[in-house]
Amino acid sequence: MRCAPNPNGPWHVGHARMPAVIGTYRDRYDGWFCVRFDDTDPETKRPDLEAYDDILEDLDYLGFEPDATYKASDRLETYYDHARELIELGGAYTCSCSGEDFSELKNSGEACPHREKDTETVLAEFEAMIDGEYDSGEMVLRVKTDIEHKNPALRDWVAFRMIDTPHPREEASEYRCWPMLDFQSGVDDHLIGITHIIRGIDLQDSAKRQQFVYDYFDWEYPEVIHWGHVQLDDYDVKMSTSTISELIDEGKLDGWDDPRAPTLKSLRRRGIRGEAIVDAMTKLGTSTTDVDLAMSSIYANNRDLIDDETDRHFLVRDGVQLPLGGSPPDEANPPLHPNHEDRGVREIPASDAVLLEEGDLPGREERIWLKGLGCFQYTRDTLQYTGDDIDVVREGDVDVIHWVPADESVPVRMRTMDGDVSGHAEPGVADLEPDEMVQFERVGFARIDRHDEDETVVYYAHP
RNA sequence: GCUCCGAUGGUGUAGUCCGGCCAAUCAUAUUGCCCUCUCACGGCAAUGACCAGGGUUCGAAUCCCUGUCGGAGCACCA
């Protein structure tokens, strides 16, 4: 099987579907898959030189290593050879009609005058195309299919055209005569030995088009499945490489790993495992209808993977400070993980005042339970320690909330899909290594990104 | 306009090929209860779907027709 990306940028989440499915199938059935960069348009779909490695990196994040990697722009001579052979077989002709003229003829099912040229002329003109003797738009090589085919999309399609703009890859920069996707991909799939192809419904007609070439060469066409588009819920940003790229250029996103961007680099930075994405994608199946992927299903998968090993901590967002009174304990020791007491406890000093989230502020005379510390009653603008037993919580009389000490907490900037949130975390968070996952109790899972001088930056993953 | 394809709960999916075991599977989401120093995990339960109409048949999610809705192609893009 193959994954044939256009290297025009790092992958968005939707791109993960192909490797997820073919990679899973390969592993399950002892198969084989390659990545082939279909980079045969140096102009309209101009490849981004960094994207080749970006994509392989994204693939690695998802947990797959391709069995082989190709670049179509390395293989021009191969395509030329097959084109020559196709001409010899009478299956292609050079054509100098303008696009509009040909389109009109085609729509009325009429052949253009170039269709009946003799093989020698076609061969000579094709060589001239390869040598770059025509400018863009002057000459193309068409595959001779069936000019009266009932589906106009299949009638004598273009196999090669001239492009003046040099390819960005130095190795390919001298070529001016470039194959179209249907020719390049069709030839490559056979040569590489692809047995099964999955592609989007936008390429529904590709197999039918390529079948004409396969017939000339007497090749057998691989099994092919078409699937619909994937849409993601939860994002404001459209899942499109060009849209994301523009937003980055305009400064509206920080980069491909901005938490607001629906990219794999972003999910990775948020601490979501590639496996969680792969599982969600695989469960989508391969139906031809468009499907909506709920981010919550990726989150559910990820929670399954990380919940057990992720320690708990407190983070108070936009804290409001309240003084403590009544001689409470001077330190709280909640467990690192409620299901694993053996991992030990946290040490959170309780000083003269605490920070609470605004939504958790108690009403007058109301009691609250500061998790790990004890019961307090809000009296005269102070949280008075009441010394109540934990039973008041078990009986459901008192709400349990999280908190941090006012003077010994770690300033945190939490980056989320909806923008940055500032807050304060318990002291132990300063000692966590970058890349570690935490669960901020009653807030959600997050990945420690880095400790800057004045704040710790974390990326929010999911609830 | 021409040519293809598709339609099962909020979302995804199984079942459709070879009609009965489907008063429709599983997951996720939502809600409620249990557990718990109220997150998460775990346990239990509830809500919720065969696009519409005809036809064939003893029997239709499944086969046929029509309609509706949706998607795609008709590029010198991939």
Side-chain angles (χ1 to χ4, degrees), chain A residues 4-8 37-41 43-47 72 95-100 102-103 106-107 109 134 136-142 149-155 157-163 177-182 184-185 199-206 208-209 226 228-231 233 279-285 287-301 303-304 306-308 310 312-314 332 334-335 337-340 360 368-375 390-394 396 398-402 439-445 462-463:
Chain A
N6 172 29
N8 64 342
F37 293 101
D38 283 353
D39 54 350
T40 56
D41 184 350
E43 199 166 88
T44 5
K45 293 272 164 110
R46 188 169 178 76
C95 171
S96 54
C97 292
S98 74
E100 302 85 70
F102 187 84
S103 179
K106 180 189 68 180
N107 288 334
Y134 301 102
S136 160
E138 264 187 80
M139 187 68 83
V140 298
L141 183 76
R142 290 186 185 282
H149 198 283
K150 66 172 182 172
N151 184 348
L154 308 188
R155 297 172 187 166
W157 46 273
V158 173
F160 285 83
R161 83 296 208 186
M162 305 300 300
I163 294 178
C177 174
W178 287 90
M180 299 286 289
L181 174 79
D182 278 318
Q184 174 267 123
S185 172
R199 59 178 154 224
I201 40 173
D202 45 330
L203 265 23
Q204 276 175 121
D205 292 331
S206 271
K208 293 171 192 160
R209 274 207 272 257
H226 298 280
H229 302 286
V230 186
Q231 300 169 68
D233 63 358
D279 283 351
M281 287 292 177
T282 309
K283 280 178 196 150
L284 246 32
S287 77
T288 63
T289 37
D290 290 353
V291 292
D292 293 333
L293 174 62
M295 284 304 294
S296 59
S297 82
I298 293 181
Y299 299 156
N301 290 341
R303 251 197 312 270
D304 253 3
I306 66 170
D307 181 71
D308 200 56
T310 303
R312 271 56 175 166
H313 293 280
F314 289 154
H337 191 115
N339 300 352
H340 297 279
D360 288 333
I368 51 172
W369 186 280
L370 296 187
K371 193 166 182 182
L373 194 63
C375 191
I390 188 65
D391 285 342
V392 297
V393 169
R394 296 200 175 120
V398 177
D399 288 338
V400 177
I401 63 172
H402 62 288
Q439 192 211 55
F440 290 125
E441 294 191 56
R442 307 211 303 141
V443 175
F445 291 87
H462 50 73

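Numbered from 1 within each chain, the chains take letters A, B, ... in sequence-line order. Keep in mind the model is a prediction, meaning the values are calculated, not measured.
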*Asks:* Return yes if a side-chain donor-acceptor contact under 3.5 Å exists between Asp308(A) and His340(A), otherwise no.
*Replies:* yes

*Asks:* With the side chain of Asp290(A) defined as its heavy atoms from C-beta on, choose the nearest nucleotide among rG71(B), rC77(B), rC37(B).
*Replies:*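 So the nucleotide nearest the side chain must be rG71(B).
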
*Asks:* Distance check, C1' atoms only: rG73(B) and rU30(B), in whole angstrom units.
*Replies:*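 The same atom, C1', in both gives a distance of 39 Å.
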
*Asks:* Rounding to an integer number of Å, can you tell me how far Asn107(A) CG sits from rC2(B) P?
*Replies:* 12 Å

*Asks:* When Watson-Crick pairs (N1 to N3 and N6-O4 or O6-N4) and G-U wobble pairs (N1-O2 and O6-N3) count only below 3.5 Å on both distances, what is the dot-bracket string of RNA chain B, with | for other-strand pairs?
*Replies:* (((((((..(((.......[.....))).(((((.......)))))....(((((..]....))))))))))))....

*Asks:* For the residue pair Val291(A) and Gln231(A), establish whether any side-chain heavy-atom pair is separated by less than 4.5 Å.
*Replies:* no

*Asks:* Tell me which nucleotide among rC77(B), rC76(B), rC2(B) gets nearest to the side chain of Lys45(A).
*Replies:*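 Nearest nucleotide to the side chain: rC77(B).
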
*Asks:* With the side chain counted from C-beta on, respond yes when Glu138(A) and Met162(A) share a heavy-atom pair under 4.5 Å apart, and no when they do not.
*Replies:*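 The answer is no; the side chains never approach within 4.5 Å.
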
*Asks:* In terms of side-chain heavy atoms of Gln204(A), which of rA72(B), rC76(B), rU13(B) is nearest?
*Replies:*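 When the side chain of Gln204(A) is considered, rA72(B) is the closest of rA72(B), rC76(B), rU13(B).
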
*Asks:* Can you name the residues that form a salt bridge (charged side-chain N to carboxylate O under 4.0 Å, His left out) with Asp39(A), not counting sequence neighbours?
*Replies:*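 If we apply the salt bridge (charged side-chain N to carboxylate O under 4.0 Å, His left out) test to Asp39(A), skipping adjacent residues, there are no hits.
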
*Asks:* Which residues pass the ring-ring contact (aromatic ring centres under 6.0 Å, His included) test with Phe440(A), sequence neighbours left out?
*Replies:*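 Residues passing ring-ring contact (aromatic ring centres under 6.0 Å, His included) with Phe440(A): none at all.
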
*Asks:* Let's go through His337(A) and Arg312(A) carefully: what are the C-alpha distance in whole Å and the side-chain angles of both, what is the deciding distance for side chain to side chain donor-acceptor pair (under 3.5 Å) to 0.1 Å, and is it a yes or a no?
*Replies:* CA-CA 6 Å; His337(A) 191 115; Arg312(A) 271 56 175 166; 3.3 Å; yes

*Asks:* Would you indicate, yes or no, if rC26(B) has its OP1 or OP2 atom less than 4.0 angstrom from a side-chain nitrogen or oxygen of Lys283(A)?
*Replies:*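 Checking rC26(B) against Lys283(A), no side-chain N or O comes under 4.0 Å of OP1 or OP2.
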
*Asks:* For rC64(B) versus rU56(B), give the span between their P atoms, rounded off to a whole number of Å.
*Replies:*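 Each nucleotide's P atom is 15 Å from the other's.
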
*Asks:* Between Asp41(A) and Arg161(A) (salt bridge meaning N to carboxylate O under 4.0 Å), is one present in this structure?
*Replies:*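 Salt bridge present between Asp41(A) and Arg161(A).
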
*Asks:* With sugar-phosphate meaning primed atoms plus P, OP1 and OP2, does Gly228(A) contact a base, only sugar-phosphate, or nothing at under 4.0 Å between heavy atoms?
*Replies:* nothing

*Asks:* If I take atom CG in residue Asp360(A) and atom P in nucleotide rC39(B), what distance separates them, rounded to the nearest angstrom?
*Replies:* 12 Å

*Asks:* Could you check whether any side-chain heavy atom of Pro152(A) comes within less than 4.5 Å of a side-chain heavy atom of Asn107(A), counting everything from C-beta outward?
*Replies:* yes

*Asks:* Is there a donor and acceptor pair, one atom on the side chain of Lys371(A) and one on the base of rC37(B), closer than 3.5 Å?
*Replies:*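 No.
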
*Asks:* What is the distance from atom CG of Leu154(A) to atom NZ of Lys106(A), rounded to the nearest 0.5 Å?
*Replies:* 9.5 Å

*Asks:* Taking atom types as modelled, is there a side-chain donor on Arg155(A) or His149(A) under 3.5 Å from an acceptor on the other?
*Replies:* no

*Asks:* Check every atom of rC74(B), rA78(B), rU3(B) against the side chain of Arg161(A) and return the nucleotide holding the closest atom.
*Replies:* rA78(B)

*Asks:* When all nucleic acid strands are considered with a 4.0 Å heavy-atom cut-off, which category describes Leu181(A): base, sugar-phosphate, or nothing?
*Replies:*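 Base contact - Leu181(A) has a heavy atom under 4.0 Å of at least one base atom.
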
*Asks:* So, OP1 or OP2 of rG73(B): does either fall under 4.0 Å of a side-chain N or O from Ser206(A)?
*Replies:*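 The answer is no; no side-chain N or O of Ser206(A) sits under 4.0 Å from OP1 or OP2.
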
*Asks:* Can you tell me how far C1' in rU25(B) sits from the matching atom in rU62(B), rounded to whole Å?
*Replies:* 16 Å

*Asks:* Which is true for Met180(A) with a 4.0 Å heavy-atom rule: it touches a base, it touches only sugar-phosphate, or it touches nothing?
*Replies:* sugar-phosphate

*Asks:* Could you measure between the two C1' atoms, the one in rC74(B) and the one in rG12(B), and give it in whole Å?
*Replies:* 32 Å

*Asks:* What is the nucleic acid contact for Val140(A), judged by heavy atoms within less than 4.0 Å: base, sugar-phosphate only, or nothing?
*Replies:* base

*Asks:* Could you check how far CZ of Arg155(A) sits from C1' of rC2(B), rounded to whole Å?
*Replies:*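 So the CZ-C1' distance, Arg155(A) to rC2(B), works out to 8 Å.
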
*Asks:* Among rU28(B), rG12(B), rG71(B), which nucleotide has an atom closest to any side-chain atom of Ser297(A)?
*Replies:*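 For the Ser297(A) side chain, the nearest candidate turns out to be rU28(B).
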
*Asks:* On RNA chain B, check which nucleotide each of Arg209(A) and Glu441(A) is closest to and give me the residue with the more 5' one.
*Replies:*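 It is Glu441(A) whose nearest nucleotide is closer to the 5' end.
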
*Asks:* Hey, what do you get for CZ (Phe445(A)) to CG (Asp307(A)), rounding to the nearest 0.5 Å?
*Replies:* 4.5 Å

*Asks:* Figure out the CG/P separation between Asn301(A) and rA27(B), and round it to whole Å.
*Replies:*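 Going from CG in Asn301(A) over to P in rA27(B) covers 13 Å.
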
*Asks:* When rounded to the nearest 0.5 angstrom, what is the spacing between CD in Glu441(A) and NE2 in His313(A)?
*Replies:* 9.5 Å

*Asks:* Which nucleotide, rA78(B), rC37(B), rA72(B), lies nearest any side-chain atom of His229(A)?
*Replies:*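 The closest nucleotide is rA72(B).
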
*Asks:* Rounded to whole angstrom, note down the P distance from rA45(B) over to rA27(B).
*Replies:* 12 Å

*Asks:* Counting just side-chain N and O atoms, does Lys106(A) come under 4.0 Å of either OP1 or OP2 of rA75(B)?
*Replies:* yes

*Asks:* Could you work out the separation of rA78(B) and rC18(B) based on their C1' atoms and round it to a whole Å?
*Replies:* 40 Å

*Asks:* In whole angstrom, give me the gap between the P atoms of rG32(B) and rG70(B).
*Replies:* 36 Å

*Asks:* Indicate yes or no: at least one non-hydrogen side-chain atom of Arg142(A) is less than 4.5 angstrom from one of Val140(A).
*Replies:* yes

*Asks:* Figure out the CG/P separation between Leu203(A) and rC5(B), and round it to whole Å.
*Replies:*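 Nearest whole value for this atom pair: 16 Å.
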
*Asks:* Run the salt bridge (charged side-chain N to carboxylate O under 4.0 Å, His left out) check on Asp360(A) and Arg442(A) step by step: do they pass?
*Replies:* CA-CA 11 Å; Asp360(A) 288 333; Arg442(A) 307 211 303 141; 2.6 Å; yes

*Asks:* So which protein N/O to nucleotides 6-8 of chain B N/O distances come out below 3.5 Å?
*Replies:*
none

*Asks:* With sequence neighbours left out, what residues match Asp182(A) under side-chain contact (heavy atoms from CB on, under 4.5 Å)?
*Replies:* Trp157(A), Ser206(A), Arg209(A), Gln210(A)

*Asks:* Taking only side-chain N and O atoms of Arg199(A), does any of them lie within less than 4.0 angstrom of OP1 or OP2 on rA78(B)?
*Replies:* no

*Asks:* Base, sugar-phosphate or nothing for Cys95(A)? Non-hydrogen atoms, less than 4.0 Å.
*Replies:* nothing

*Asks:* What integer distance in Å separates His462(A):NE2 from rU28(B):P?
*Replies:*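 Going from His462(A) (NE2) to rU28(B) (P), I get 14 Å.
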
*Asks:* Which letters describe nucleotides 40-50 of chain B, given B = protein heavy atom under 4.0 Å from base, S = only from sugar-phosphate, - = neither?
*Replies:* BB---------

*Asks:* rU28(B) P sits how many Å from Met295(A) CE, rounded?
*Replies:* 17 Å

*Asks:* Can you tell me the distance, in whole Å, between the NE2 atom of His149(A) and the P atom of rC2(B)?
*Replies:*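 Between P of rC2(B) and NE2 of His149(A): 17 Å.
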
*Asks:* Which listed nucleotide (rG73(B), rA78(B), rU13(B)) is nearest to the side chain of Asp41(A)?
*Replies:*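 My answer, after comparing the listed nucleotides, is rA78(B).
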
*Asks:* What interatomic distance, in whole Å, is found between P of rC41(B) and the corresponding atom of rC50(B)?
*Replies:* 31 Å

*Asks:* Looking at every strand, decide which applies to Thr40(A) at a 4.0 Å heavy-atom threshold: base, sugar-phosphate, or nothing.
*Replies:*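 Contact class for Thr40(A): sugar-phosphate only.
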
